[in-house]
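Before any comments, here is the structure.
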Amino acid sequence: MTQIKNTKSLCPECLKILDAEVYSEGNEIFIEKECPEHGNFKNTYWHDAEAYEKAVKYESKPHRLTNLKHGEGECPANCGLCDQHESQTILGIIDVTNRCNLKCPICFANAAVSGTLYEPSQDEIREMLRTLRKNQPVETPAIQYSGGEPTVRDDIVELISMAKEEGFVHTQIATNGIALANDETLAVRLKDAGLNTVYMQFDGVTEEPYLKTRNANILHKKIEAIENCRKAGLGIVLVPTLVKGINDDQVGDIIQFALDNLDVIRGVNFQPVAFAGRTPANEIDQIEKQRITIDDFIANVEDQTDGRIKKDTFYSASTVAPISEFISALQGTEDEVTLTCHEHCGVGTYVFKEKDGSIIPITEFINVDKFMSMLENATEELDKHSKIGNTKAVIKAIRDLPGTVDTKKSPSYIDIVSLLKNIFIKQDYEALGDFHINALLVSCMHFMDPFNFDQDRVHRCVIHYATPDGRIIPFCTMNNIYREGIEEQFHVPIGSDRAKIIMENIQKEKQKRMNTSDE
């Protein structure tokens with residue numbers, strides 16, 4: 001056994017904050033802690049120590065917000081964000097309801113069964129949007145409406161418009177897609193209101209996974225929703241929840257499905273099941289057997305794509321931080337959003353589909369390490385010089401760029417060097433958008449549960465919930481610690497005027513669906 005670090009974690013039974021140790025044993029990484037009341041807990045952190053160590057190389061430096069609250073108590077029991085937090089809010093999340101039109105056996109939000117109705121008013125949602133936009137020195141650029149199922153609200157289109165009014169550059173909804181399938185006008189109305197991305201639950205390319213993960217045969221609804229988004233010109237990110245023995249054998253098929261629909265699907269973000277909320281396992285031995293780690297995912301990708309997308313194609317999400325830092329240095333500001341999540345929170349890569357159907361990972365033609373190193377060196381030069389010196393630094397970076405790219409191996413339909421040069425010339429993210437439109441982002445985010453909870457990861461979280469009491473709460477602490485209390489504190493009392501209006505709208509939607517079904 002070799003110790004790696006000390007951290008804080010949670011007791012899976014009582015959620016007490018505990019001292020924890022992360023260590024390697026054989027070729028695996030474990031996290032272990034002991035609760036005075038409930039005993040010792042030893043759980044898998046990563047299955048592959050080599051992959052864990054590779055990720056460590058891409059640790060990014062902190063990019064703190066300057067208007068953090070001074071937390072009282074010990075992290076993570078003082079979220080607000082508190083002054084121990086080391087990353088910006090890249091994506092803000094607002095749960096607009098805890099109602100749902102499904103009752104999935106797997107749901108980290110435990111939606112639709114809490115016994116309370118949580119559905120913030122439009123005024124409350126606007127205030128939460130403004131709370132996120134008040135972050136300094138970088139305002140939150142992107143917002144996701146989540147739940148529950150956000151499309152059960154009859155004002156979801158208005159809420160998207162509201163987010164645009166409040167200055168969000170990017171808007172998305174996390175949805176199961178049923179409403180988008182049932183109402184072919186919804187995608188158009190959402191797009192017209194300013195929606196950028198549909199973040200759609202998608203657990204497989206056959207019916208079987210949905211029967212187990214969603215308790216419903218809804219694959220055909222997913223396909224209908226995709227078609228309606230295609231007609232509306234609305235981009236989709238597929239979001240498979242991976243569960244061992246249920247759909248972890250469909251990773252390659254899901255990627256291929258996305259590549260076959262690249263005109264409308266922008267990415268696939270795989271999410272191994274986290275054992276919080278409703279899950280298929282509740283005993284510790286079951287959890288260890290069900291655990292899928294990030295390194296398991298990338299091994300599955302290589303195996304199920306017949307080696308066309310290899311394990312070393314994937315990099316920690318924090319790897320891209322030098323791009324933002326370079327743009328900030330060019331502009332002489334601190335107002336660029338920088339992805340400084342913890343290096344063990346997620347991985348990703350870009351893959352391209354050639355005209356003959358072959359798959360080309362980005363690492364086939366770009367030396368990622370060399371490219372990022374070049375940007376880091378350029379950023380150091382920019383920080384040292386005047387505007388004239390900056391121009392020289394940019395010229396040098398453009399001159400060095402071709403040395404990081406093998407154009408003979410790049411996709412035949414794009415000029416990759418020109419796309420990358422635009423990063424230096426335009427000095428904004430429009431060029432990155434041009435790059436992304438030609439590629440499929442394949443990523444994996446491994447959310448924490450009380451068993452593998454690591455305080456260090458919380459400090460670097462970049463996905464944050466806004467709540468009605470003005471707080472901003474990191475994703476994994478919200479779903480492990482705070483959700484139940486917030487829904488109880490801000491629920492809509494049964495019998496209130498607002499509850500009556502909500503129930504009336506529910507009945508109208510049910511009748512509308514019945515009429516559609518009859519037709």
Side-chain angles (χ1 to χ4, degrees), residues 63-69 79-82 85 87-99 109 111 117-175 179 186 189-199 234-235 237 335-339 429 461-479 482-483 485-487 489-492 498 501-502 505:
H63 278 249
R64 294 175 179 269
L65 295 170
T66 56
N67 59 333
L68 298 174
K69 297 179 180 179
C79 290
L81 292 167
C82 83
H85 206 77
S87 289
Q88 304 158 343
T89 309
I90 301 296
L91 174 67
I93 301 180
I94 294 177
D95 281 342
V96 296
T97 183
N98 67 349
R99 292 189 288 128
L117 175 59
Y118 173 81
E119 194 152 306
S121 67
Q122 286 195 10
D123 287 343
E124 288 174 317
I125 290 171
R126 189 179 290 276
E127 284 306 308
M128 286 187 269
L129 292 169
R130 289 177 176 175
T131 296
L132 290 164
R133 291 294 291 169
K134 288 177 183 175
N135 279 355
Q136 295 298 327
V138 181
E139 298 171 329
T140 303
I143 187 69
Q144 179 188 101
Y145 288 139
S146 188
E149 171 55 47
T151 61
V152 302
R153 286 190 64 138
D154 64 334
D155 61 349
I156 186 62
V157 175
E158 294 174 54
L159 296 181
I160 294 296
S161 296
M162 184 187 296
K164 287 297 185 182
E165 290 169 10
E166 295 300 327
F168 286 89
V169 176
H170 183 88
T171 62
Q172 61 186 46
I173 55 171
T175 178
L186 181 57
R189 290 185 286 123
L190 288 167
K191 175 74 181 299
D192 290 345
L195 184 68
N196 298 102
T197 302
V198 174
Y199 200 66
L234 190 54
V237 172
D335 59 358
E336 287 296 335
V337 177
T338 305
L339 186 58
Y429 284 90
C461 179
V462 297
I463 304 174
H464 303 150
Y465 284 88
T467 59
D469 55 2
R471 285 187 291 169
I472 298 175
I473 300 177
F475 188 96
C476 289
T477 55
M478 177 69 169
N479 290 310
Y482 293 98
R483 178 179 293 281
I486 287 169
E487 290 190 5
Q489 182 179 356
F490 296 102
H491 74 278
V492 181
R498 176 156 170 74
I501 292 171
I502 292 170
N505 288 333

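Side chains are part of it too, since the values below use all heavy atoms of this structure and drop only hydrogens, waters and symmetry mates. Note that the structure is predicted; figures quoted are calculated from it, not measured.
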Can you name the residues that form a salt bridge (charged side-chain N to carboxylate O under 4.0 Å, His left out) with [X], not counting sequence neighbours?
X: Asp469; answer: Arg471
X: Arg130; answer: Glu127, Glu166
X: Glu158; answer: none

Residues two or more places apart in sequence or in another chain: which of them pass side-chain hydrogen bond (donor to acceptor under 3.5 Å, both in side chains) with His464? His85, Thr89
Name all residues meeting the side-chain hydrogen bond (donor to acceptor under 3.5 Å, both in side chains) criterion together with Lys164; count only those two or more places apart in sequence or in a different chain, and write none if there are none.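 If we apply the side-chain hydrogen bond (donor to acceptor under 3.5 Å, both in side chains) test to Lys164, skipping adjacent residues, the hits are Asn196.
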Check: [Y] and [X] side chains under 4.5 Å, non-hydrogen atoms:
X: Thr338; Y: Val462; value: no
X: Val198; Y: Leu190; value: no
X: Gln172; Y: Leu91; value: yes
X: Ile473; Y: Ile486; value: yes
X: Pro468; Y: Tyr118; value: yes
X: Phe490; Y: Thr467; value: no
X: Ile173; Y: Ile160; value: yes

Rounded distance [0.5 Å steps], [atom1] in [X] versus [atom2] in [Y]:
X: Ile94; Y: Arg126; atom1: CD1; atom2: CZ; answer: 11.0 Å
X: Gln88; Y: Leu339; atom1: CD; atom2: CG; answer: 9.5 Å
X: Asp95; Y: Ile125; atom1: CG; atom2: CD1; answer: 10.0 Å
X: Ile93; Y: Phe475; atom1: CD1; atom2: CZ; answer: 5.0 Å
X: Tyr199; Y: Ser146; atom1: OH; atom2: OG; answer: 9.5 Å
X: Thr171; Y: Leu195; atom1: OG1; atom2: CG; answer: 4.5 Å

Check: Glu149/Thr175 side-chain N/O donor and acceptor closer than 3.5 Å: yes
Give a yes or no on whether the backbone of Gln136 and the side-chain of Asn67 come within a donor-acceptor separation of less than 3.5 Å. yes
Is a donor on one side and an acceptor on the other found under 3.5 Å between the side chain of Arg153 and the backbone of Val96?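 Flag set: sc Arg153 to bb Val96 pair under 3.5 Å.
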Work out which heavy atom in [X] is nearest to a heavy atom in [Y]; give both atom names and the distance.
X: Ala163; Y: Ile143; value: CB-CG2, 3.8 Å
X: Ala193; Y: Ser161; value: CB-OG, 3.4 Å
X: Thr151; Y: Ala179; value: OG1-CB, 3.3 Å
X: Leu65; Y: Val138; value: CD2-O, 4.0 Å
X: Thr477; Y: Pro474; value: OG1-O, 2.9 Å
X: Ile156; Y: Tyr145; value: CD1-CD1, 4.1 Å

Output every pair passing salt bridge (Lys or Arg N to Asp or Glu O under 4.0 Å) with a member in residues 136-145, not counting sequence neighbours, ordered by first then second residue. Arg133-Glu139
What verdict does the side-chain contact (heavy atoms from CB on, under 4.5 Å) test give for Leu186 and Val157, after you've listed the backbone C-alpha separation in whole Å, the side-chain angles of each residue and the deciding distance to 0.1 Å? CA-CA 8 Å; Leu186 181 57; Val157 175; 4.1 Å; yes
